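Every value quoted in this text rests on a predicted model; they were computed, and no experiment measured them.
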Amino acid sequence: MIEVTFPDGAKREFPDDATPLSIAESISKSLAKRTVLARVNGELRDAKRPLGGDATLELLSFSDPEALEVARHDAAHVLAQAVQELFPGTQVTIGPVIEDGFFYDFARKEPFSTDDFERIEAKMREIVDRDLPIEREVWAKEKAISHFKTIGEDYKAQIIDDVIPPGEPITLYNHGGEWSDLCRGPHLPSTGRLPKAFKLMKLAGAYWRGDHRNEMLQRIYGTAWLNEADLKAHLTRLEEAEKRDHRRLGRQMDLFHMQEEGKGMVFWHQKGLTLWRTIEAYVRRRLDAAGYVEVRTPQVLDRKFWEQSGHWEKYRENMFVAETAEDETLSLKPMNCPGHVQIFKFGQKSYRDLPLRMAEFGACHRYEPSGSLHGLMRVRAFTQDDAHIFCREDQIEDETAAFIELAASIHADFGLERDHISLGTRPELRAGSEAFWDRAEAQMLNAARKAGVEPVIAEGDGAFYAPKLDFQLKDAIGRTWTCGTIQLDYVLPERLDAEYVGEDGAKHRPVMLHRAILGSLERFIGVLIENYAGAFPMWLSPVQVVVASISEATEAYAEEAADVLRKAGLRVETDLRGEKINYKIREHSLAKIPVIAVVGAKEAEDRKLALRRFGSSDQTIIGLEEGAALLALEARPPDIARAQDAAASTAAAAAG
RNA sequence: GCCGCGUUAGCUCAGCUGGUAGAGCACCGCAUUCGUAAUGCGGGGGUCAGGUGUUCAAGUCACCUACGCGGCACCA
């Protein structure tokens, strides 16, 4: 007999061959029916796998999140079986669980088509209906390898050979003797337990073991849920996300466009550029206030320059290069840092000049692989809100901590919540000694802690020359975006021979901190569009107020009202068309204009505005001048609002 | 860059197994002057991404190219 301890602390004895499922059965039939998985001594196990000794046991049902994960894994297996039944000769490789679903990579000469999905899904449902018992088998390594080789599953044989560490048991999961797959498990007791709320989503190429030198496999993605309602909710979420796609909104809202002659390049329309200017002006104020100096460096520089900075050697294939009629080779700048070092080196710098925070809204060009381009999120021409902080080594932590606080405040002003900050540590390919990395990583970690942040370690994610901190932000629908980074650099000052004179009168090497808060303006605007689904807060909105006239009779007053609003600093458009007011309201509401000011005979007579705000059907009647002042107050950028409010309260205190 | 899928009016899309293009919205014109999410009527607009081929005949079939989309790889 073995002794089993339950979550409530109760202990009971069961036969030696007891399994979680048999134990569930001995307790109650309904419990057995619910049990799909077990946690044995803290480890997830098949419900049908014998405990094998005294153990703590927790029986899991589909109400436990772990069970959904396992169901998704089963869906991947059922997919693999279905595909192999329908397309004999297809080899299976790997099929893991991912967020919201699963995928399986297959090796097959002929391409799959999304038209096959319906058949495959039908076959998957059929396999579920067959309710095949899923059995775990433990195999000897050599036997397993030769088994997979014999049945033509070379990839599986390779996994056992290369990937599974020696000593770890080789387990196969068998679907009722019909089909089996190498798998770590655990799995559901039978295929019949898999909820049919799954759907195949997309087809994609994927390199074997993620290496582009290897052959390309065909990956089928699916989503799987516990019930139809959850599946439907997920599909609805995807539709909603599509509606806020910045590429779609960018076109609808007339913000920007891209065209084939300029792959990865943006044509900013008036409204998009208004957003841009608003953001740039805001960031510039914040940088001015934080003790940065702003500079601008050349767009195109001679090859010799890039050779010296090391970019020609390391970054050549990502640079746009031009030949001149005078046989010079020039390159568009992919980064601003070498340029900033030149300004640093112009004249002599003293330790008194440090830290020197040099900022540039730097337009950079990088030749990115065509397949990686994606709307505003990944482009070939972009403007970074870049800056380099030249400082002494003992200033790194304070500067980094101050930067974290500045970035956090700016991100918050844009309505983006921080998910976490990651610390990218030494990558496999790196420059510098272990001692250097130990020190540099500790500096970044301490700086983050100084700013009250515990970073999440991203092992091996650092730059090749130093560690970095990345800001992971969360948008309105929970997606995370990397915006903002700070990277330590001892290498570039050395390469480009930057120096300052220290207190001791001798020359010293400064350290550089590369940092950006938004990343690139392009990408950040993309993130903002998706975060707000195009409904920007007043201060960002390209058009803040539309003055809509009710009839021709109020045209003159509408113009006058718009003028007053403009003089108050608002971005205003008028709509004087001979359309009905309903039509105008609908149109400007769909355009997500923050405020519609309706003016009819009544308003014209009393010199008033009827204000209607986005997302509400209420209207407020207010005097024209009063309304202009109120809206101008609402339209203040957050930093200006804070400064004015603080000044006002100081004045009030002084007066009171 | 690699794999798959797409490309039809300004936008969103329809066009069956080949028989010389269609809707809604937008746009333009006319009428309407209207009180908080679509006024009516009329009109213009397409080398069906580009090219080559098969065919009596190609938006439709085949191949090539470009671009886009979804992934993969890349993002010092």
Could you tell me the separation between the [atom1] atom of [X] and the [atom2] atom of [N], rounded to a whole number of Å?
X: A/Ile94; N: B/G71; atom1: CD1; atom2: C1'; value: 14 Å
X: A/His212; N: B/G1; atom1: NE2; atom2: P; value: 14 Å
X: A/Leu238; N: B/G71; atom1: CG; atom2: C1'; value: 15 Å
X: A/Asn214; N: B/G1; atom1: CG; atom2: C1'; value: 15 Å
X: A/His374; N: B/A73; atom1: NE2; atom2: C1'; value: 17 Å
X: A/Asp245; N: B/U12; atom1: CG; atom2: P; value: 12 Å
X: A/Asp105; N: B/A73; atom1: CG; atom2: P; value: 10 Å

ring-ring contact (aromatic ring centres under 6.0 Å, His included) against A/Tyr367, all qualifying residues, sequence neighbours excluded:
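A/Tyr367: ring-ring contact (aromatic ring centres under 6.0 Å, His included) contacts with A/Phe320.
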
Whether the side chain of A/Tyr207 and the base of B/G1 hold a donor-acceptor pair under 3.5 Å is what I'd like checked.
yes

Ignoring hydrogens and geometry beyond distance, is the side chain of A/Arg378 in donor-acceptor contact with the base of B/C74 at under 3.5 Å?
yes

Scan nucleotides 26-40 of chain B nucleotide by nucleotide, 5' to 3', and note B when protein non-hydrogen atoms come under 4.0 Å of the base, S if they reach only the sugar-phosphate, - if neither.
S-----BBBBBBBB-

Give me the distance, rounded to whole Å, that separates B/A38 from B/C74 when you measure between the C1' atoms they each carry.
48 Å

Which value, rounded to the nearest 0.5 Å, describes the distance between A/Phe614 atom CZ and A/Ile593 atom CD1?
9.5 Å

Here the gap from A/Gln91 atom CD to A/Asp105 atom CG, rounded to the nearest 0.5 Å, amounts to 12.5 Å

Any base atoms under 4.0 Å from [X], or only sugar-phosphate, or nothing? Heavy atoms, all strands.
X: A/Ala204; value: base
X: A/Gly210; value: sugar-phosphate
X: A/Arg247; value: sugar-phosphate
X: A/Pro369; value: base
X: A/Tyr221; value: sugar-phosphate

Going by the rule salt bridge (Lys or Arg N to Asp or Glu O under 4.0 Å), which residues pair with A/Glu522 if we only count those two or more places apart in sequence or in a different chain?
none

Apply ring pair (Phe, Tyr, Trp, His ring centres under 6.0 Å) to the pair A/Phe102 and A/Tyr221, showing each step before the final yes or no.
CA-CA 6 Å; A/Phe102 59 93; A/Tyr221 283 92; 9.1 Å; no

On the ring face of A/Phe382, is A/Arg380 found with NZ or CZ under 6.0 Å from the centre and within 45° of the axis?
no

For B/C63, give the paired nucleotide (Watson-Crick: N1-N3 plus N6-O4 or O6-N4; G-U: N1-O2 and O6-N3; both under 3.5 Å), or none.
B/G51

Per the side chain to side chain contact (heavy atoms under 4.5 Å, CB included) rule, which among A/Met258, A/Glu368, A/Arg523, A/Met265 passes with A/Val379?
A/Met258

